[in-house]
Amino acid sequence: MSATDADELAGLLGVGLRRRALLRATVGAAAIGGLATGAGAFASPAQASGPRSGKNFHVLQPGTGKRPGLYIPAKAQEVSWGFLPNRSSEPVAVVGSGAVITMDTVSHEGILEDQGQDPREFFASYGVAERQVLEDAVDVAANSIHAGPGPHVVTGPVYVRDAEPGDVLKVDVLRVALRVPYGVISNREGKGALPGEYPEAFRDVPEYAPYLNQGGNVSVFASVDKGRGVLPGEVPVGFELAPFMGVMGVARDTTAQVDSVPPTDAGGNIDIKDLTVGSTLYLPVQVPGALFFSGDPHMVQGNGEVALTAMEGSLRTTFRLTLIKAGSGEAPSVAFDYPFAETPDHWIPIGLSDPDGPENGGNATSLDIAMKTAVRHALSFLTDDVGMAGPVAYAYLSAAADFACSQVVDRTTGIHCLIRKADLG
């Protein structure tokens with residue numbers, strides 16, 4: 001490790017160690033944000049000046065560029081394609097509490113079967129040079145087995161020493177870097193917010209033919225220019241990027257295959273757009289070692305994710321993994337049973353329509369269920385952790401908190417609540 005890397009790692013380790021009690025301090029946003037420097041790296045959506053596309057972008061091939069802490073590449077023989085780790089999964093790395101890890105993640109867009117399962121050929125059709133196609137994406141497409149029902153390519157899992165069921169794994173998102181200057185937004189048959197309507201209605205319109213992939217589904221190529229996503233077409237459309245990991249989770253306590261699509265009480269595909277650099281996700285540990293994993297890299301996503309996908313594109317993300325024991329006061333009470341998040345500005349209780357996904361029969365999709373669960377978790381946080389009286393907490397949520405639809409496309413739907421930290425004094 002170079003002196004520069006050592007200094008950066010020391011800074012990463014120091015950010016969270018200064019925080020001891022849940023409500024005495026929040027994430028050190030300025031300290032964390034300052035780490036996200038260099039081409040393709042982001043501190044926050046507002047600060048994302050970002051990279052240029054084309055020849056000026058430094059593609060983050062495996063093993064190149066900044067890799068703070070323990071580096072975990074997305075190797076074809078180690079990733080999980082379409083499914084998530086469970087209690088029987090072999091870890092790809094072992095770390096202690098407080099460790100900083102950097103994970104390479106590969107987007108499924110460009111390697112799926114309806115796109116030809118050859119990212120070089122797929123992206124070449126949009127003018128992407130072969131040198132700008134990730135070597136690990138090519139390797140995964142050619143040599144990994146798409147063994148699960150979902151589309152996602154998942155890196156990990158990572159075993160955290162001394163983690164036991166009943167603990168919480170605190171996941172700080174320290175740095176996110178774009179690995180490539182492009183992404184893809186897809187809409188597939190039977191999926192999205194309007195299944196049965198789209199993409200079927202697009203197929204009979206001749207001018208829409210360029211947006212249809214080999215499988216007859218829609219895949220819209222988006223380029224990156226100066227930190228903005230740019231869409232094709234006669235109408236100029238561009239938007240600020242805010243990259244985050246759609247999938248972050250710990251292993252469920254099961255030996256059954258875990259579908260990568262529905263989020264669960266162990267995290268997974270929760271698709272909350274606010275979990276950018278500076279955010280923290282709390283995950284309830286279900287198996288020894290926690291077995292943390294990540295995937296489904298998003299360059300930007302709108303609440304709802306209505307077409308089916310975000311602007312999907314491969315990312316390199318640096319996390320700090322910290323173990324929290326029950327009774328420490330360093331995690332929200334809800335987090336010992338259910339995912340919970342925070343940003344520098346908000347507390348984020350989460351509600352899912354079916355927290356065990358397809359297990360135990362069926363897979364409830366109702367947004368009403370997700371909404372009620374999010375409200376109950378928000379009430380629990382305000383009364384149990386903040387100390388508000390129940391009637392006042394319910395009134396506050398009605399008057400000042402925002403409930404957003406995380407996504408409506410992952411079968412298990414999600415609602416998250418945004419409680420402003422400034423409101424709590």
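Keep in mind that this is a model prediction, so the values were computed, not measured.
Residues Asn363 and Thr412 are in side-chain contact: their nearest non-hydrogen atoms beyond the backbone lie under 4.5 Å apart. Residues Pro243 and Leu178 meet the side-chain proximity criterion, which asks for heavy atoms closer than 4.5 Å.
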Q: Please report the C-alpha distance between Tyr182 and Gln132 in whole Å, then the side-chain angles of each, then the deciding distance to 0.1 Å, and finally whether the side chain to side chain donor-acceptor pair (under 3.5 Å) criterion is met.
A: CA-CA 9 Å; Tyr182 52 82; Gln132 288 194 309; over 6 Å; no
Q. Would Ser406 and Asp271 satisfy side chain to side chain donor-acceptor pair (under 3.5 Å), going step by step from the backbone distance to the final call?
A. CA-CA 6 Å; Ser406 319; Asp271 281 339; over 6 Å; no
Q) Hey, mind stepping through Asn303 and Gln407 against side chain to side chain donor-acceptor pair (under 3.5 Å) and telling me if it holds? A) CA-CA 6 Å; Asn303 282 327; Gln407 51 73 29; over 6 Å; no
Q | Derivation of the side chain to side chain contact (heavy atoms under 4.5 Å, CB included) call for Phe244 and Met299 | A | CA-CA 7 Å; Phe244 73 101; Met299 292 183 172; over 6 Å; no
Q. Which is it for Asn213 and Asn217 under the side chain to side chain donor-acceptor pair (under 3.5 Å) test, yes or no, and what are the steps along the way?
A. CA-CA 6 Å; Asn213 61 35; Asn217 293 312; 4.6 Å; no
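For the atom pair CG of Leu194 and CG of Asn187, the computed distance is 8.5 Å after rounding to the nearest 0.5 Å. Note that CD1 of Ile348 and OG1 of Thr343 are 5.0 Å apart. Values are rounded to the nearest 0.5 Å. Note that the CG atom of Leu321 and the OG atom of Ser97 stand 8.5 Å from one another [nearest 0.5 Å].
Residues Phe381 and Phe340 bring their aromatic ring centres within 6.0 Å. Aromatic ring centres of His377 and Tyr338 lie closer together than 6.0 Å.
Applying the 6.0 Å contact sphere to CD1 of Ile145 captures no more than 12 heavy atoms from other residues, nucleotides or ligands. For Glu130, the CD atom counts as loosely surrounded, since its 6.0 Å shell holds 12 or fewer non-hydrogen atoms of other residues, nucleotides or ligands. Residue Tyr208 qualifies as open at atom OH: its count of foreign heavy atoms under 6.0 Å is 12 or below. With a 6.0 Å radius and a threshold of 12 heavy atoms from other residues, nucleotides or ligands, Tyr396 has its OH atom above the threshold. Within 6.0 Å of CD in Glu121 there are 12 or fewer heavy atoms belonging to other residues, nucleotides or ligands.
Judged as a side chain to side chain donor-acceptor pair (under 3.5 Å), the pairs with a partner in residues 100-109 (not counting sequence neighbours) are, in order, Tyr71-Asp104, Thr102-Thr318, Asp104-Arg316, Glu109-Gln115, Glu109-Ser186, Glu109-Arg188.
By the salt bridge (Lys or Arg N to Asp or Glu O under 4.0 Å) test, Asp136 pairs with Arg179, sequence neighbours left out. Applying the salt bridge (Lys or Arg N to Asp or Glu O under 4.0 Å) criterion to Asp274, with sequence neighbours excluded, gives no partner residue. When the salt bridge (Lys or Arg N to Asp or Glu O under 4.0 Å) test is applied to Glu189, the partners found at least two apart in sequence or on another chain are Arg203.
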In residues 78-85, what donor-acceptor pairs under 3.5 Å come from side-chain atoms, sequence neighbours left out?
unit_1: Trp81; atom_1: NE1; unit_2: Pro151; atom_2: O; d: 3.0

Solution key, residues 289-298 side-chain donor-acceptor pairs under 3.5 Å, sequence neighbours excluded:
unit_1: Ser294; atom_1: OG; unit_2: Val247; atom_2: O; d: 2.9
unit_1: Asp296; atom_1: OD1; unit_2: His298; atom_2: NE2; d: 3.1
unit_1: Asp296; atom_1: OD2; unit_2: His298; atom_2: NE2; d: 3.0
unit_1: His298; atom_1: ND1; unit_2: Gln301; atom_2: OE1; d: 3.1
unit_1: His298; atom_1: NE2; unit_2: Glu312; atom_2: OE1; d: 3.4
unit_1: His298; atom_1: NE2; unit_2: Glu312; atom_2: OE2; d: 3.2

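Residues Asp354 and Arg411 are not paired through a salt bridge, judged by the lack of any N-O separation under 4.0 Å between the basic side chain and the carboxylate. Salt bridge absent: Lys273 and Glu305 never bring a charged side-chain N and a carboxylate O closer than 4.0 Å. For the pair Lys170 and Glu330, the salt-bridge criterion is not met [side-chain N within less than 4.0 Å of a carboxylate O].
Residues Asn86 and Thr254 have side chains that never bring a donor and an acceptor to within less than 3.5 angstrom of each other.
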